[in-house]
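Accompanying notes for the structure given below.
Bear in mind the structure is a predicted one, so any value in this text is a computation, not a measurement. Naming: A, B, ... by sequence-line order, numbering from 1 per chain.
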Amino acid sequence: MVHIKVLINCALPYANGPLHIGHIAGAYLGADVFARYNRLIGNQVLYVSGSDEYGTPITVRAEKEGKTPREIADRYYEEHLETFRNLNINFDIFMRTTWPEHSDNAQDFFLKLLNAGYIEKGTMIAPYCRKIGRFMPDRYIEGTCPYCHYPKARGDQCDNCGRTLDPQDLIDPKCILSGETPEFRETDHFFLRLDLLEDRLKEWISTRSFWKPNVVAYTQNFISGGLKRRPITRDIDWGVRIPLQGYETKRIYVWFEALIGYITGAKEYSKRIGNPDLWKEFYFDPEARNYYFIGKDNIPFHAIIWPAMLMGYGGFNLPYDIPANEYLTFKGQQFSKSRGIGYSVDDLLKAVPVDYLRYYVASILPETGDSDFSIEELVNTVNSDLIDKYGNLVYRVVSFIDKYDLKVEPVDVTRDEEFLYAIHSFQAFLDELSSVHIKKGLSIWLDLAIYANGFFNRSEPWKTVKIDRNRLNHDLYLSLKIIEILTAMAYPYIPASSERMWDLLGIPFRIDDSYNRLNEMHTFDVRRGSIPFVKLDLESVKTKLNN
RNA sequence: GGGGAUGUAGCUCAGCUAGGCAGAGCGCCUGGCUCAUAACCAGGUGGUCGUCGGUUCAAACCCGGCCAUCCCCA
């Protein structure tokens with residue numbers, strides 16, 4: 001197998017609220033499975049995410065809570081870090097857009113694009129509060145929605161009817177800080193000339209026919225509507241400074257600067273491990289593949305704006321694939337902490353072991369359409385698939401060996417139909433994962449677990465133990481080999497549990513090496529332990545969730 | 001208002017790229033088995049493929065309208 005470099009970038013979560021399970025399903029779990037899979041097959045992986053910490057939603061929140069924006073960002077950075085750690089989602093680096101190194105990178109991009117003519121100066125009309133004496137972000141203006149007449153519509157959007165608005169559209173607009181009616185004045189800003197890159201983007205998208213249809217369709221349509229220049233600076237003070245004199249009161253807008261966080265993360269990781277040029281191998285080697293794991297809300301930024309920025313800068317690899325997921329919903333609605341819909345990850349992890357949660361979410365990952373999360377389904381799926389099919393398979397074989405006090409000797413099973421079937425499943429599994437079909441991979445795994453139970457039944461070791469010890473040894477060894485394959489396949493999804501099973505089976509090398517060594521007829525030093533997976537009880541899970 | 005999706009068995013979802021006898025897991029029913037966590041295996045039950053129309057010898061799949069839900073609109 002030819003090994004390649006794989007850069008896995010994962011949407012930077014915005015640091016103004018806790019992560020809920022919808023976020024995890026949208027981007028992070030799939031990315032983690034994919035990263036682990038790539039490492040197992042021997043690819044060199046760089047796995048990056050980080051904390052998006054600038055912008056007006058954070059300043060709005062800070063003002064509401066009487067804190068500084070930095071306090072808000074610090075709090076959620078720590079919280080997100082902890083949540084990912086608890087989920088066993090192990091990025092190589094989780095950067096912060098408030099790092100000074102990130103400002104350097106963002107300013108470098110800004111100047112480079114400015115000098116290349118892809119950023120230009122211009123003016124726009126913005127709300128100016130005379131009482132406060134400065135221009136106000138759109139979100140700081142409230143008024144009546146011109147469409148639905150909801151009285152508390154924001155300057156960027158109406159929460160009642162969902163329409164996108166301009167502050168000037170509002171009837172009777174008011175500054176939320178001062179209560180004054182804002183003036184609309186001209187203000188100088190910088191604009192990204194997406195229009196200049198339209199043709200190159202179109203041509204590039206036409207080479208991405210292997211992407212998910214929804215991503216391609218969305219992107220093509222977006223571009224064919226005609227790209228316009230887009231403002232990339234704002235009149236706020238919480239953001240990356242503009243590296244030019246005369247713009248001290250303005251900042252680079254968060255959507256332009258946050259995307260560069262992927263590069264900051266890769267660079268900082270390279271420095272930390274003492275190989276400062278490592279990141280270049282992922283961004284400049286044309287053989288390296290760059291993946292971006294995001295939710296569907298992020299498609300325009302990653303499929304249009306980010307490639308445009310990279311093209312304008314020049315030399316960087318463009319995204320290889322953007323396997324954007326749809327949404328995980330809760331009873332048909334979007335997860336939302338503020339509206340009390342669904343659960344946060346931390347709440348769920350108090351009630352359910354991490355691998356149970358990873359397993360269930362992976363089994364319903366919204367890869368092709370929205371899918372629905374429920375506690376009842378979680379309990380049911382974990383108990384009947386993960387535990388009854390796989391966990392019980394491991395336990396019944398281990399228990400059998402222990403009960404009759406057997407030592408299973410290696411035999412060559414490489415030509416056995418059942419072994420070949422398992423290897424065939426494993427290959428199909430690799431094919432699916434290489435195409436980022438996370439959910440499909442899991443269903444191939446489950447089918448193989450069912451097949452393995454069928455084989456164990458057919459081989460009737462409880463009969464051969466009394467009449468044919470050679471046959472018994474052969475069949476048990478074959479069962480153990482299939483379990484080994486299953487356990488290796490499960491590792492990207494449920495890493496901690498797989499390692500535990502690996503240990504229980506007494507395989508003489510580490511699970512990290514498993515994908516290269518499935519054909520080895522090694523010994524199994526099987527250890528009987530307690531039941532490997534304890535089943536979930538719906539009522540007690542619910543009780544824990546409600547506390 | 002414009003755009004991207006989704007709607008298939010009681011439940012959760014595949015199938016649609018390339019039209020050809022409606023699928024899986026769970027649930028439920030029947031049988032088998034005893035190594036195992038009421039587990040496992042085999043067989044069965046179960047659907048007007050959101051809806052109305054069009055194209056076709058043939059439509060879950062292609063085309064158009066409508067309804068419901070999710071997302072985006074810088």
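A/Asn325 meets the side chain to side chain donor-acceptor pair (under 3.5 Å) test with A/Lys212; sequence neighbours excluded.
Listed nucleotides: B/U37, B/A74, B/G25. Nearest to the side chain of A/Tyr395: B/U37. Comparing B/C71, B/G3, B/A74 by their closest approach to the side chain of A/Leu194 singles out B/A74. Relative to the side chain of A/Arg396, the nucleotides B/C40, B/U37, B/A74 differ in distance, and B/C40 lies closest.
At a non-hydrogen distance threshold of 4.0 Å, A/Gly454, A/Phe456, A/Asn457, A/Trp462 from residues 454-466 of chain A come into contact with RNA chain B.
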Polar pairs (N or O, both sides) under 3.5 Å between protein and nucleotides 64-66 of chain B?
none

Between N or O atoms, less than 3.5 Å apart, protein on one side and nucleotides 13-15 of chain B on the other: list the pairs.
residue : atom : partner  : partner atom : Å
B/C13   : OP1  : A/Asp372 : N            : 2.5
B/C13   : O3'  : A/Lys439 : NZ           : 3.3
B/A14   : OP1  : A/Thr368 : OG1          : 2.2
B/A14   : OP1  : A/Lys439 : NZ           : 3.2

Show each protein N/O and nucleotides 27-29 of chain B N/O combination with a separation under 3.5 Å, one pair to a line.
none

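Backbone-only contact: A/Asp385 has heavy atoms under 4.0 Å from sugar-phosphate atoms and none from a base. When heavy atoms are screened at a 4.0 angstrom cut-off, A/Thr329 is found touching no nucleic acid atom at all.
Among the duplex regions that RNA chain B forms, those built from at least three successive Watson-Crick or G-U pairs under 3.5 Å are B:1-7 with B:67-73, B:10-13 with B:23-26, B:28-32 with B:40-44, B:50-54 with B:62-66, ordered by first number.
Residues A/Arg234 and A/Phe135 are not in side-chain contact: their nearest non-hydrogen atoms beyond the backbone lie 4.5 Å or more apart.
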